[in-house]
There are 2 protein chains.
Amino acid sequence: MSDVKGNGLPSTAVFQLGTLGAVAESRFARAVEGLGLKPKHAGLMTALAAVAAESQQELAARLGVAPSLVVTLADQLEALGAVQRTRDVNDRRRQVLTLTEVGRALLARCEAVARALDEELLADLTPRQRAALAEALGVLTGR
Amino acid sequence: MSDVKGNGLPSTAVFQLGTLGAVAESRFARAVEGLGLKPKHAGLMTALAAVAAESQQELAARLGVAPSLVVTLADQLEALGAVQRTRDVNDRRRQVLTLTEVGRALLARCEAVARALDEELLADLTPRQRAALAEALGVLTGR
DNA sequence: TATTGTTATACTCTATAACTATA
DNA sequence: TATAGTTATAGAGTATAACAATA
């Protein structure tokens with residue numbers, strides 16, 4: 001009979017979350033690459049879905065990435081028609097980023113893909129375990 | 001009152017696991033960099049802790065990375081005295097990788113670091129939620 | 001002069017391909 | 001000829017720093 005907590009690094013949450021996170025990301029990446037997207041694009045669109053970004057720098061701060069990366073991601077999303085850049089009339093230095101209808105549709109497809117992957121990923125869990133996991137993850141991601 | 005499952009991509013397990021995994025990895029990386037290690041080094045040592053690798057290629061397959069990456073990681077770990085390369089006497093092409101005492105000590109410190117991070121990371125969870133999370137993660141990582 | 005967005009550059013990580021030694 | 005390890009090279013991804021436009 002083994003200890004509940006187990007022993008060794010692999011029994012820690014950081015290690016397990018790191019491992020599972022890498023698996024989750026790579027599967028998600030493969031699933032959305034047909035849409036011309038990478039996980040970061042989905043992340044940016046998600047951040048934009050709630051509220052349009054007042055500026056790209058504000059968005060960069062929200063996402064915790066370098067402003068130059070937002071430029072690159074926004075360029076690619078704009079090419080897909082998923083986001084729209086419009087100059088702020090009050091401060092013409094600023095680009096207001098807005099999610100377009102095309103962007104919302106893409107994001108919806110990302111969500112569908114993610115729900116399908118959830119089924120695969122969580123297949124070995126009982127309904128009770130799934131609910132408990134969802135609850136814990138919800139707390140940890142602040143929802 | 002909101003739906004239990006929530007809506008949108010951020011409510012999926014893949015998205016949440018991906019996000020949390022990235023946070024977990026970067027915190028762990030920062031915490032062990034003083035030891036001269038990166039997360040992959042810890043992963044390699046962990047793989048070696050149970051059983052010594054018959055060959056570097058076998059280990060690469062086990063970890064799901066390119067053989068050349070194992071060379072690099074093993075070089076760095078060997079420089080730290082954490083692993084030992086010994087030629088297989090039956091097949092002198094093969095390098096048998098073994099975790100040294102130094103390596104075991106390093107791995108133990110990684111585990112201590114990870115447990116401390118677990119406390120931080122899971123601080124907002126009730127004991128019941130923690131136990132449920134540990135159970136679910138255990139199933140998902142196959143332990 | 002300070003700030004926003006952009007562009008240029010560099011660095012990290014990792015994989016693929018070429019090479020050496022052994023089988 | 002095939003395989004293990006190594007080395008060389010290349011690509012993706014992202015950050016830092018220089019630059020242009022606007023304030």
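Letters go in sequence order (proteins before strands), and every chain restarts at 1. Just so we're clear, the structure is a prediction, and the values are computed from it rather than from any experiment.
If you measure from atom CD of B:Gln57 to atom P of C:dT16, you get 13 Å, rounded to the nearest angstrom. In this entry the distance linking CD of B:Glu25 with P of C:dC13 reads 10 Å, nearest Å. Look at CD on A:Gln76: it is 12 Å from C1' on D:dA12, rounded to the nearest Å. In this entry the distance linking CG of A:Leu69 with P of D:dA12 reads 15 Å, nearest Å. For the pair A:Leu97 CG and C:dT4 P, the computed distance is 14 Å after rounding to whole Å. Atom CZ of B:Arg94 and atom P of D:dT6 are 14 Å apart (whole Å). Between A:Leu73 atom CG and D:dT14 atom P the separation is 7 Å, expressed in whole Å. Note: CG (A:Leu59) to P (C:dT6) measures 12 Å, nearest angstrom.
Of the inter-residue distances, the one linking A:Asp88 atom CG with A:Gln95 atom CD reads 10.0 Å to the nearest 0.5 angstrom. Rounded to the nearest 0.5 Å, atoms CG (B:Leu117) and CZ (A:Phe15) are 13.5 Å apart.
The base of D:dT16 sits with one of its N or O atoms less than 3.5 Å from a complementary donor or acceptor on the side chain of A:Ser68.
Close to D:dG13, at under 4.0 Å from its OP1 or OP2, lies a side-chain N or O of A:Lys38. Listed pair B:Gln95 / D:dG5 fails the phosphate criterion, with no side-chain N or O lying under 4.0 Å from OP1 or OP2. Residue A:Arg85 places none of its side-chain N or O atoms closer than 4.0 Å to OP1 or OP2 of C:dT4.
Taking each heavy atom of A:Asp118 and B:Ala13 in turn, the nearest pair found is OD2-N, 2.8 Å.
Judged purely by atom type and a 3.5 angstrom limit, B:Arg87 uses its side chain to pair as donor or acceptor with the backbone of B:Arg93.
A residue-by-residue look at B:Glu54 and A:Gly64 shows that B:Glu54 has its nearest nucleotide of DNA chain D further toward the 5' end.
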### Task
For side-chain contact (heavy atoms from CB on, under 4.5 Å), just list the numbers for A:Leu48 and A:Leu107, CA-CA rounded to whole Å, side-chain angles, deciding distance to a tenth of an Å, and then say yes or no.
CA-CA 10 Å; A:Leu48 238 44; A:Leu107 197 49; over 6 Å; no

### Task
In sequence, state the C-alpha distance, the side-chain angles, and the governing distance for B:Val14 and A:Arg27, and then conclude on side-chain contact (heavy atoms from CB on, under 4.5 Å).
CA-CA 9 Å; B:Val14 275; A:Arg27 288 198 196 175; 5.9 Å; no

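Distances from the side chain of B:Val71 to the nucleotides D:dA15, D:dT6, C:dT6 place D:dT6 closest.
Screening B:Val96, B:Val70, B:Leu69, B:Leu73 for a side chain to side chain contact (heavy atoms under 4.5 Å, CB included) involving B:Gln56 leaves a single residue, B:Val70.
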Would you list the protein and nucleotides 18-23 of chain D atom pairs, both N or O, that sit under 3.5 Å from each other?
from, atom 1, to, atom 2, distance (Å)
D:dA23, OP1, A:Arg92, N, 2.8

